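Because the structure is a prediction, the values reported are computed rather than measured.
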Amino acid sequence: MNNALRKMHPVQRLGWVTLTSLLVLALGVVWDNWGDLLGPQPPNTALTALTAPATEAQIEQGRYLALAGNCMACHTTRGGTPFAGGRRIDTPFGGVYSSNLTPDPETGLGRWTAQDFWQAMHRGRSPNGRLLAPAFPYNHTSVITRQDSDAILAWLKTLPPVVQAQPAHTLVWPVGTQPALAVWRSLFFEPSPFQADKTQTAEWNRGAYLVQGLGHCAACHSPRNALGASGAVSDLSGGLMPVANWYAPDLTRDAETGMASTPLPEIVRLLRTGASNTAQTSGPMGEVVQHSLQHLKDTDLQAMAVYLQSRAQSTPQPSPAKAQPARISLQVATLGGKVYENQCLQCHGEQGEGMKTASGEVAYPALAGNRAVLLNDPTNLVQLVLYGGYGPATQGHPRPFGMPPAVLELDDRDIAAVLTHLRTRWGNQASEVTPLQVNRIRAATDQ
């Protein structure tokens, strides 16, 4: 072979080497995604699952875990049958449609075995070996145990079967093709079965399991690269959510979320009700609280709070930079004050002090010293002013106060001025918001 290579023309030699390299890479990608199917197979526990009926305890556990994973949110169309799929999930590369999780034998999970479901959860692969689009967060579901996977399927099998085929994805070529998905997965996906940290308590490990696994918190709270890959399942460093266009704050940075310094009962309260003495949820996080977190056991919410606070407290916090007062023109300052007086003062107070109910609960949050107001990225503020915001209606907070949309009343210049007003008054020291920033955020949201 070496003699044959030496006798080749240099161009031929380069072409042969390139072809060989590509072939080796292709084989590596194939092995990475389907290699486990080629080697010795583990005992077929699915046969046992098929012959042994699920217990009531297992079914109830599956129902609870599906709530913890907020599965219904993606697998239910607006006004549609729960878990019947068909909901469009927009990505920067096109639309992905969720699958039917009801036990219909033709269009749902009726013929799936426990092993099939485990392969989908653990490896992001359908029973026929087809790779699933990563809009399904299988990097996170790969964290969960086989026992929990089996319990979820046992509960799904008790749902009424619904005939509803999954629509074809509308991803741009070649993103949705199997070769492209295989390459993407080889670059960015590796199953991450949960490994308990023996130096931590059982409560801490339970919280880590929920946050990294079914909670899939890093799917929003970590940055995504140009190819749509998020950080590791434990990455909570914050990031802008593509298409949805909300900024998920850094959960390890106290200046953004207060996780390191907020008392644990208040963190639990925020997760359970969507509101606490110092924070309120809105946007995508409000939906997570409403459809998932409020239904979890207090012990699990406590475990999640313990884990999140530990992560924040163990992360080195940057020294607070001495912010220089923003140089605001008289025109912007005057306009911002006028818009605030007309639109915001009645609820948030003359000094940004907010308003409480007669029972002492926060009705409208204080804007002075508010971490959400001071975020470097003003995306969430612009979203709230444009489209309004209402906290989740939960058992612990059934009648949340809200903010009406101003999209038809305020233009980009008005919004930029009033947000600059909020960020530079009452001791707040944050950067100015410009009309160009507002315009870009509005345009990205309206796509």
What are the two closest non-hydrogen atoms of Leu65 and Ala151, and how far apart are they? CD1-CB, 4.3 Å

Residue pair Asp300, Tyr64: steps toward the side-chain contact (heavy atoms from CB on, under 4.5 Å) verdict: CA-CA 11 Å; Asp300 279 343; Tyr64 178 80; 2.6 Å; yes

Verdict with reasoning, Leu375 to Glu256, per side-chain contact (heavy atoms from CB on, under 4.5 Å): CA-CA 7 Å; Leu375 285 173; Glu256 291 198 7; 3.6 Å; yes

Are any side-chain N or O atoms of Lys157 and backbone N or O atoms of Leu109, one a donor and one an acceptor, separated by less than 3.5 Å? yes

Is it the case that atom CD in Gln346 sees more than 12 heavy atoms from other parts of the structure closer than 6.0 Å? no

Examine Phe83 together with Trp155 and report whether their ring centres are nearer than 6.0 Å. yes

Tell me whether Ser98 contacts the main-chain N or O of Cys74 through its side chain, where contact means a donor paired with an acceptor under 3.5 Å. yes

State, yes or no, whether a side-chain contact exists between Ser234 and Arg311 at a heavy-atom distance under 4.5 Å. yes

Which distance, rounded to the nearest 0.5 Å, do you find between the CG of Asn139 and the CD of Gln212? 11.0 Å

Can you tell me how far apart OG1 (Thr262) and CD1 (Ile267) are? Round to the nearest 0.5 Å. 5.5 Å

Interatomic distance, Leu270 atom CG to Leu293 atom CG [nearest 0.5 angstrom]: 9.0 Å

What is the distance from atom CG of Leu214 to atom OG1 of Thr141, rounded to the nearest 0.5 Å? 8.0 Å

Going through the distances and angles, do Asp104 and Thr102 end up as a side chain to side chain donor-acceptor pair (under 3.5 Å)? CA-CA 6 Å; Asp104 176 65; Thr102 73; over 6 Å; no

Can you tell me which residue among Val339, Val385, Thr420 is in a side chain to side chain contact (heavy atoms under 4.5 Å, CB included) with Ile415? Val385

Regarding Arg111 and Glu106, does a basic nitrogen lie under 4.0 Å from an acidic carboxylate oxygen? yes

Could you tell me if Asp148 and Tyr209 have a donor-acceptor pair between their side chains, going purely by distance under 3.5 Å? yes

Pair Thr170-Arg88, side chain to side chain donor-acceptor pair (under 3.5 Å): steps then yes or no: CA-CA 10 Å; Thr170 57; Arg88 179 185 171 96; 3.1 Å; yes

Is it true that Arg269 and Glu361 have a side-chain N and a carboxylate O under 4.0 angstrom from each other? yes

So, applying side chain to side chain contact (heavy atoms under 4.5 Å, CB included) with Arg146, which one of His122, Met121, Gln115 is it? Gln115

Donor-acceptor pair, Thr76 side chain versus Pro82 backbone, under 3.5 Å? no

With side chains defined as the heavy atoms from C-beta onward, is the minimum distance between His140 and Ser192 less than 4.5 Å? no

Do Leu308 and Val211 make a side-chain contact, defined as non-hydrogen atoms from C-beta onward lying under 4.5 Å apart? yes

Please evaluate residues Leu131 and Arg185 with respect to the criterion side-chain contact (heavy atoms from CB on, under 4.5 Å), reporting the C-alpha separation (whole Å), side-chain torsions for both, the decisive distance (0.1 Å), and the verdict. CA-CA 9 Å; Leu131 304 178; Arg185 287 160 54 98; 3.7 Å; yes

Given the rule in the side chain to side chain donor-acceptor pair (under 3.5 Å) test, do Ser310 and Trp204 qualify, once you have shown the distances and angles that lead to the verdict? CA-CA 8 Å; Ser310 170; Trp204 186 97; 3.1 Å; yes

Indicate yes or no: at least one non-hydrogen side-chain atom of Thr357 is less than 4.5 angstrom from one of Tyr364. no

Taking atom types as modelled, is there a side-chain donor on Arg423 or Ser431 under 3.5 Å from an acceptor on the other? yes

Do the side chain of Gln294 and the main chain of Gln395 share a donor and acceptor less than 3.5 angstrom apart? yes

Any ion pair linking Arg206 and Glu203 (charged N to carboxylate O, less than 4.0 Å)? no

Is a side-chain donor or acceptor of Gln437 paired with a backbone partner of Thr434 at a separation under 3.5 angstrom? yes

Tell me if a side-chain donor or acceptor on Gln280 pairs with a main-chain N or O of Ala275 at a distance below 3.5 Å. no

Under 6.0 Å from the CG atom of Asn376, do we count more than 12 heavy atoms belonging to anything else shown? no

With Gln383, the side chain to side chain contact (heavy atoms under 4.5 Å, CB included) member among Leu381, Thr379, Leu386: Thr379

With rounding to the nearest 0.5 Å, note down the distance linking CG in Asn428 to CG in Leu374. 4.5 Å

Phe189 side chain near Leu181 side chain, heavy-atom distance below 4.5 Å: no

Around Arg371, counting heavy atoms of other residues, nucleotides and ligands shown, do more than 12 lie under 6.0 Å from its CZ? yes

Is there a donor-acceptor pair closer than 3.5 Å between any side-chain N or O of Ser237 and the backbone N or O of Asp250? no

With distance as the sole test, does Gln317 use its side chain to make a donor-acceptor pair with the main-chain N or O of Thr252 at under 3.5 Å? yes

Do Arg272 and Gln302 have side-chain atoms, one donor and one acceptor, less than 3.5 Å apart? no

Where is the tightest heavy-atom contact between Ala312 and Met259, given as atom of each residue plus distance? CB-CB, 3.7 Å

Is a side-chain donor or acceptor of Ser222 paired with a backbone partner of Gly231 at a separation under 3.5 angstrom? yes

Nearest heavy-atom approach of Pro191 to Arg123 is CG-NH1, 4.3 Å

Give the intermediate values and the outcome of side chain to side chain donor-acceptor pair (under 3.5 Å) for residues Gln200 and Tyr307. CA-CA 10 Å; Gln200 298 289 349; Tyr307 172 72; over 6 Å; no

Verdict with supporting geometry, Val382 and Arg442, side-chain contact (heavy atoms from CB on, under 4.5 Å): CA-CA 8 Å; Val382 174; Arg442 184 200 293 260; 5.6 Å; no

How close do Ala180 and Pro174 get, heavy atom to heavy atom, and via which atoms? CB-O, 3.0 Å

With rounding to the nearest 0.5 angstrom, report the OG to CD1 distance, Ser149 to Ile144. 5.0 Å

Are the side chain of Asn380 and the backbone N or O of Tyr247 linked by a donor-acceptor pair below 3.5 Å? yes

